[in-house]
Protein chains: 4
Amino acid sequence: MTKAVQTKSQKRQEARHAQILDAAAACFVKEGFHGTSMSKVAAEAKMSVGHIYHYFASKEEIILALVEREQEQTLVKVSEALTIPAEDLVEGFTERLSDSLCNHATPFQSILNHEILAEAQRNPKVAEKVYETDAMVREIFTKMFRERLGIEDCEARIEAMSAMFHGLGSRTQRNPNIDIDGLLPITREFLRQIFGK
Amino acid sequence: MTKAVQTKSQKRQEARHAQILDAAAACFVKEGFHGTSMSKVAAEAKMSVGHIYHYFASKEEIILALVEREQEQTLVKVSEALTIPAEDLVEGFTERLSDSLCNHATPFQSILNHEILAEAQRNPKVAEKVYETDAMVREIFTKMFRERLGIEDCEARIEAMSAMFHGLGSRTQRNPNIDIDGLLPITREFLRQIFGK
Amino acid sequence: MTKAVQTKSQKRQEARHAQILDAAAACFVKEGFHGTSMSKVAAEAKMSVGHIYHYFASKEEIILALVEREQEQTLVKVSEALTIPAEDLVEGFTERLSDSLCNHATPFQSILNHEILAEAQRNPKVAEKVYETDAMVREIFTKMFRERLGIEDCEARIEAMSAMFHGLGSRTQRNPNIDIDGLLPITREFLRQIFGK
Amino acid sequence: MTKAVQTKSQKRQEARHAQILDAAAACFVKEGFHGTSMSKVAAEAKMSVGHIYHYFASKEEIILALVEREQEQTLVKVSEALTIPAEDLVEGFTERLSDSLCNHATPFQSILNHEILAEAQRNPKVAEKVYETDAMVREIFTKMFRERLGIEDCEARIEAMSAMFHGLGSRTQRNPNIDIDGLLPITREFLRQIFGK
DNA sequence: TATGAATGAGTCTTCATTCAT
DNA sequence: GATGAATGAAGACTCATTCAT
């Protein structure tokens with residue numbers, strides 16, 4: 001019984017955490033980390049300001065938790081890519097790229113991307129999390145190159161591929177009229193080269 | 001004579017503008033747009049707060065002016081690239097890429113990149129300027145492809161190339177231990193492809 | 001039987017009251033009345049915040065109850081002094097003085113002294129309790145002077161003696177290097193005078 | 001001319017400082033350090049909240065500045081006492097004592113006394129200032145004992161005298177019906193002893 | 001009895017902006 | 001042109017208190 005009660009309160013706690021992070025994410029996308037006030041987050045979360053501080057010690061903690069959550073989602077997406085058979089890698093990645101560019105996102109990264117990178121430039125804790133995730137992503141890709149393609153020396157390939165993914169993501173931000181379909185042949189060729197030999 | 005005096009005062013005015021923008025840029029790099037107060041800008045510019053408002057109507061105007069100035073610098077750098085002879089294009093661009101990555105920058109864009117892109121997501125005026133510059137850069141590159149390489153249909157190539165440039169720039173932010181030299185062969189190959197045929 | 005149960009629950013109630021007041025006292029000494037939050041008191045008392053409100057209607061009530069408890073302790077100590085034989089009064093009081101000064105306290109008053117007096121300046125209820133206790137202390141001393149020393153007109157003596165006690169207590173706060181032993185002869189002489197004739 | 005302007009602005013600055021400290025003192029006496037909000041201080045000073053922060057970095061700085069100002073006033077009063085001729089010392093001090101007790105104060109200390117001592121118990125900076133002042137006061141009294149009374153070994157006398165002064169001050173707070181005139185003979189006798197031999 | 005989730009007014013502090021000098 | 005005094009609205013955060021469980 002004690003256990004049931006505790007589980008219940010834990011569930012509620014997790015629900016509240018998620019509720020707050022969802023609200024914060026929504027606000028941050030609209031207004032940025034520093035353009036969003038805690039009272040806006042509270043309003044969006046349908047919660048009192050004070051209550052938010054019951055769950056997060058500070059606004060920064062919310063940002064950090066959100067960055068962490070984004071990371072986890074990134075890792076999930078990246079891991080999914082691992083299930084693609086070796087012979088379909090080029091097409092699979094091209095498709096993912098195409099899909100996510102249509103949503104103004106990067107295959108493995110969310111809309112909060114720039115906000116997070118901008119913040120990372122001056123908040124070491126955020127930077128640390130960014131480094132961590134990137135390291136894990138590279139690790140996963142390394143595994144992919146080795147186990148699926150038999151390519152051992154893949155560091156540069158992974159860097160180039162990641163650069164292309166993030167770079168294409170930022171293209172939709174700089175050029176709203178970008179012709180995504182026109183880009184596919186060239187990126188497909190690029191991926192063929194990356195995965196090739 | 002009237003004209004001379006006015007020119008003189010115009011010069012002073014421009015000097016003041018530059019002084020303020022330099023100070024603002026320095027602060028923005030350190031603290032971000034929203035983490036920088038006008039009094040910090042004033043202190044950095046060795047000027048009183050009130051005096052800054054003599055030259056700029058608001059903080060936002062400073063941001064906009066700075067974004068504009070960054071654009072101009074971008075265009076200057078891009079134009080310089082145009083002077084490279086056709087046969088040296090691959091090596092020239094590779095070299096530029098290598099140089100700027102070592103400074104944690106993008107060949108044609110400054111450190112304030114992410115700050116500007118993050119701001120563009122919610123400030124339409126900033127977004128507008130970002131679009132404008134990008135359009136002008138693409139125009140210049142289009143001219144380059146047509147006049148130097150005889151390639152008419154270059155839209156996708158330019159998009160891919162730009163993506164790679166910006167993407168590589170963000171790689172140094174996500175992976176502080178990146179092996180830049182190891183990347184060069186792969187980017188050289190990529191550029192060869194972009195400029196090829 | 002009903003009575004027995006009630007007595008039991010009364011005991012528990014009193015224990016809880018004491019538990020809370022002890023915790024509050026500990027916090028108040030460290031942080032002051034207004035620097036101490038109810039949640040700190042709750043944490044110190046190993047009790048939930050809500051539960052404290054089961055026993056005390058408000059934070060002010062806790063302060064008042066604490067002030068009252070301090071008073072009772074004061075009265076107990078003062079009463080103990082009454083048991084000293086007339087011929088040992090000077091030495092007895094001198095000794096008590098010396099002892100308590102070493103603990104940075106006043107013979108008949110606790111560390112919360114200043115906190116209480118400061119609070120009394122703006123909280124009439126606290127002031128009232130301070131007056132009350134002081135009146136009772138004076139009464140006890142009056143009895144002592146009359147019954148043990150045969151001195152009827154003792155008001156001024158009691159005032160002077162009390163002043164000296166409290167005053168010496170505050171000396172240890174203003175001069176941390178005070179030479180307590182060096183003071184004893186002079187206070188002994190003073191007490192001899194107070195109790196004399 | 002520059003000098004005149006500067007003097008003028010310095011004067012204004014000092015006036016503002018005093019204005020804020022006066023307002024703060026008034027509030028602190030009524031509501032205590034921690035019961036007084038900055039907006040109340042601002043209202044009392046007829047100034048905007050923000051402007052107060054132009055002159056003081058924080059509320060604590062105001063408290064410290066106020067404590068310092070009280071100290072200076074204490075030292076002034078103590079120094080004045082030094083002008084009393086040796087033969088009038090007992091009467092002079094008795095008179096001062098009587099006067100100040102009628103104003104619910106201590107001869108050499110203000111109404112904020114208890115607030116300051118309570119604060120000193122947990123704010124080391126305030127404690128430091130309290131120690132400092134007391135040391136200076138003792139120094140002045142030492143000089144008085146040596147130069148005017150030829151008494152070299154006066155440490156204990158000064159401690160006892162200070163205790164009596166502060167102690168009597170707190171008597172008016174504990175016993176609002178205190179008979180000040182009745183006390184005078186006994187304190188006069190006490191002072192005679194302190195200054196005697 | 002006991003918990004701690006929930007509230008929202010209130011705290012200190014900052015900041016863009018204005019204006020008298 | 002140049003200063004910095006002055007404003008007041010907002011910001012992050014705290015806290016006494018209440019209430020559902």
Side-chain angles (χ1 to χ4, degrees), chain A residues 5-6 8-9 12-13 15-16 34-43 45-63, chain B residues 9 12-13 16 34-43 45-63, chain C residues 9 12-13 16 34-43 45-63, chain D residues 2 5-6 8-9 12-13 15-16 34-43 45-62:
Chain A
V5 167
Q6 191 142 22
K8 204 172 164 188
S9 98
R12 182 161 38 199
Q13 189 141 334
R16 288 281 175 273
H34 298 293
T36 299
S37 70
M38 286 301 281
S39 57
K40 275 181 197 157
V41 175
K46 284 169 210 253
M47 215 182 265
S48 72
V49 180
H51 201 31
I52 289 185
Y53 282 88
H54 212 77
Y55 296 98
F56 292 94
S58 66
K59 190 180 173 182
E60 199 200 350
E61 291 252 309
I62 294 179
I63 293 175
Chain B
S9 96
R12 181 155 54 189
Q13 187 140 335
R16 288 277 179 272
H34 297 292
T36 299
S37 68
M38 288 298 280
S39 59
K40 276 181 196 158
V41 174
K46 283 166 193 175
M47 213 181 267
S48 72
V49 183
H51 202 31
I52 287 185
Y53 280 87
H54 206 81
Y55 295 99
F56 292 94
S58 66
K59 191 181 173 182
E60 201 199 347
E61 291 255 306
I62 294 180
I63 293 175
Chain C
S9 95
R12 182 155 53 191
Q13 187 140 338
R16 289 277 179 274
H34 297 292
T36 299
S37 68
M38 288 299 279
S39 59
K40 275 181 195 158
V41 174
K46 281 164 196 176
M47 212 181 268
S48 72
V49 183
H51 202 33
I52 287 185
Y53 280 87
H54 205 81
Y55 295 98
F56 292 94
S58 67
K59 190 180 173 184
E60 201 200 348
E61 291 255 307
I62 294 179
I63 293 175
Chain D
T2 303
V5 167
Q6 190 142 24
K8 204 174 167 187
S9 97
R12 179 157 45 192
Q13 188 141 335
R16 289 281 175 273
H34 298 292
T36 299
S37 71
M38 287 300 281
S39 57
K40 276 182 197 157
V41 174
K46 281 166 209 227
M47 215 181 264
S48 73
V49 180
H51 201 31
I52 288 185
Y53 282 86
H54 211 78
Y55 295 98
F56 291 94
S58 66
K59 190 180 172 183
E60 199 199 349
E61 290 253 308
I62 295 179

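Numbered from 1 within each chain, the chains take letters A, B, ... in sequence-line order.
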**Fill in**
Taking for B:His51 and for A:His54 the nucleotide of DNA chain E with the nearest heavy atom, the one nearer the 5' end belongs to A:His54

**Request:** On DNA chain E, check which nucleotide each of C:Ser48 and D:Thr36 is closest to and give me the residue with the more 5' one.
**Result:** C:Ser48

For [X] and [N], what is the distance between atoms [atom1] and [atom2] respectively, to the nearest whole Å?
X       : N      : atom1 : atom2 : result
B:Ile52 : F:dA2  : CD1   : P     : 12 Å
B:Lys59 : E:dT17 : NZ    : P     : 8 Å
D:Met38 : F:dT7  : CE    : P     : 14 Å
D:Met47 : E:dT13 : CE    : P     : 16 Å
A:Lys40 : E:dG8  : NZ    : P     : 20 Å
D:His34 : F:dC15 : NE2   : C1'   : 15 Å

**Request:** Over all heavy atoms of both residues, which pair between A:Ala42 and A:Ser48 is shortest? Give the atoms and the distance, please.
**Result:** CB-C, 4.0 Å

**Fill in**
Between A:Lys59 and A:Tyr53 the two heavy atoms that sit nearest each other are N-OH, 4.4 Å

I want to check one thing: is the phosphate of [N], taken as OP1 and OP2, less than 4.0 Å away from some side-chain N or O of [X]?
X       : N     : answer
C:Arg16 : E:dT1 : no
A:Arg12 : E:dG4 : no
B:Tyr55 : F:dA2 : yes

**Fill in**
B:Ser37 has its side chain closest, among E:dA5, E:dA16, E:dC12, to E:dA16

**Request:** Would you mind telling me which of E:dT13, E:dT17, F:dT17 lies closest to the side-chain atoms of C:Val49?
**Result:** F:dT17

**Request:** Could you say whether A:Ser58 or C:Tyr53 is positioned toward the 5' end of DNA chain F, judged by the nucleotide with the nearest heavy atom to each?
**Result:** A:Ser58

**Comparing C:Gly50 and B:Lys46 on DNA chain F - which has the more 5′ nearest nucleotide** = B:Lys46

**Message:** Can you give me the dot-bracket string for DNA chain E, 5' to 3', counting Watson-Crick and G-U wobble pairs with both distances under 3.5 Å, using [ ] for crossing pairs and | for partners on another strand?
**Reply:** .||||||||||||||||||||

**Prompt:** Is there a side-chain contact between A:Arg16 and A:Met47 (heavy atoms, below 4.5 Å)?
**Reply:** yes

**Item:** Pairwise distance NE2(C:His34) to OG1(D:Thr36) - rounded to 0.5 angstrom
**Value:** 9.5 Å

**Prompt:** Between CD of A:Glu61 and OH of A:Tyr55, what distance do you get to the nearest 0.5 Å?
**Reply:** 15.5 Å

**Asked** When the ring planes of D:His54 and D:His51 are compared, do they come out parallel, tilted or perpendicular, using 30° and 60° as the limits?
**Response** tilted

**Request:** Return the set of residues passing side-chain hydrogen bond (donor to acceptor under 3.5 Å, both in side chains) with A:Ser39 (not counting sequence neighbours), or none when no residue passes.
**Result:** A:Ser37

